[in-house]
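Inspection log for the structure reproduced underneath, given as structure tokens.
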Amino acid sequence: MVSEEQKFLSRGERAVARCDRLGDKPFSDEAGLLFRPWLGPGFQSTVETVADWMREAGMDARQDSASNMIGRYEGLIPGAPALLFGSHLDSVRDGGRYDGILGVIAAIEVVSSFHERGERFPFALEIIGFGDEEGSRFPVTMLTTRAVAGVLEEDDPGTTFADLQDVDGVTVAQALNAAGLTARGMARAGREASELIGYVEAHIEQGPALEAEGRAIGVVSGIAAQRRYEVKLHGTAGHAGTMAMALRQDALAAAAEMVLAIEATARAYEGRDCLVATVGSLRVWPDVVNVVPGDVIFTIDVRAGSALIRDLVINSVLEQIRHIADRRGIGAEIIPRENLAGVPCDPRLLALLEAAVADVTGSPARVLVSGAGHDAMIMARLVPMAMLFIRCERGISHNPAEAVRAEDVDIAIGALTDFVRRLAAA
Ligand code: HGY
Ligand code: MN
Ligand code: MN
Ligand code: MN
């Protein structure tokens, strides 16, 4: 009996169908939205479904103590160091079906093709589905990637990672305990550099370049630097009907002025080194129609190809925030949450990936900088890393309209397969 997935003509079609299947089930309390926050509703069932596909591809699969799912396909010599493929299984709220998870599922197709041919290499192949890349639940991103790379406490997010809280006040430690894991156990997920020969992440481009040039895939030269902040504004709540305008310390009005100042500053640097700045989340208290807002928390995300421009903009924005707060008599607490330097991809892996892409596409690889952050930028602290980009329609991502073509995924699978053989022969 041909299974539901086997009827697909190609591996790319099956990979897309699998992403769709995992994207169909609503994973949040707003029914119908795709939202797979780390350790949230539906997270574990996603991880276990991916583990089944890893085993079907001839891999052993295990969940590490940070909740990541790891498949291993032994090399010619059991226990040999592994080339690690990976990406993330979590998603942003109301996100797309391919961001992250396609990189895991496409890698499973690569291993499945070797398994079917009984092809093995001087190194093992592993695939890791990271539990938390987006940071869509807690204020710091890539917590489970940091656990694997052994850098959980390396960046100072304003508190220890275990005490970070989600919007409901649940801490990382409590979320881990609810999943039968522990904050202390996260560190046990750390890998030794000696166990791995490199990390390669396939990911949708999340930008328009490949589509604009009619290319199915591209190679990443580096990942942009990013900094994130939480800004907490403390004004004075009051009666909407009786509080005179002149006497108000309206936290939301202050936030609004700050958000526009952030946008104007980023626009002033438009086009300089891929600079972008975003206020993606803003929460108001008490968030009631007839109460002058007393408190606001909003986030700032600033990125650029280099730390220089990024930090220029950050310093200007923080200065303006303080100035607006003073003028309005509002308390402003600025908490740094993320400070990720730009990360170059490993030149040797990059060259092999470029050669593989040229091989399967018949033309020189397009090399791009990634404005989006990826697990690869944390894994680069442990092992050499490289990334392959897959065209996504109109460059749309972090949006349910995210879409990929199965034939592009086939080409990506072909390039990764070619890359493994080149690495084995290098
Ligand atoms: O924010 C990012 O760049 C990624 O999607 N986590
Ligand atoms: Mn994302
Ligand atoms: Mn992603
Ligand atoms: Mn990623």
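When a ligand or atom number is given, it counts from 1 through the structure's own listing order.
The 4.0 Å heavy-atom shell around ligand 1 contains residues Glu133, Glu134, Arg228, Arg303, Ala372, Gly373, His398, ordered by chain and number.
When side chains are defined from C-beta on, Met377 does not count as touching Glu133, because their heavy atoms never get closer than 4.5 Å. Inter-residue side-chain proximity for Tyr98 and Cys392 is flagged as unmet; no heavy-atom pair is nearer than 4.5 Å.
Looking at His203, its N, O or S atom nearest to the Mn ion (ligand 3) turns out to be NE2. Between the Mn ion (ligand 3) and the N, O or S atoms of Asp99, the shortest distance is to OD1. Its N, O or S atom nearest to the Mn ion (ligand 2) is what matters here, and for Glu134 that atom is OE2.
Residues forming a ring pair (Phe, Tyr, Trp, His ring centres under 6.0 Å) with Phe419 (at least two apart in sequence, or on another chain): none. Residues passing the ring pair (Phe, Tyr, Trp, His ring centres under 6.0 Å) test with Phe114 are Phe121, sequence neighbours excluded. Under the side chain to side chain contact (heavy atoms under 4.5 Å, CB included) criterion, Asn399 pairs with Ile396, Ala401, sequence neighbours left out.
At a cut-off of 2.8 Å, His398 is counted among the residues with an N, O or S atom near the Mn ion (ligand 2). At a cut-off of 2.8 Å, Glu133 is not counted among the residues with an N, O or S atom near the Mn ion (ligand 2).
For the pair Asp90 and Gly135, the tightest heavy-atom approach, listed with the atom from each and the gap, is OD2-N, 4.2 Å.
Taking 4.0 Å as the cut-off between side-chain N and carboxylate O, Arg62 and Asp60 do not count as a salt-bridged pair. Salt-bridge formation is detected for the pair Arg72/Glu126: a Lys NZ or Arg NE/NH1/NH2 atom is positioned less than 4.0 Å from an Asp or Glu carboxylate oxygen.
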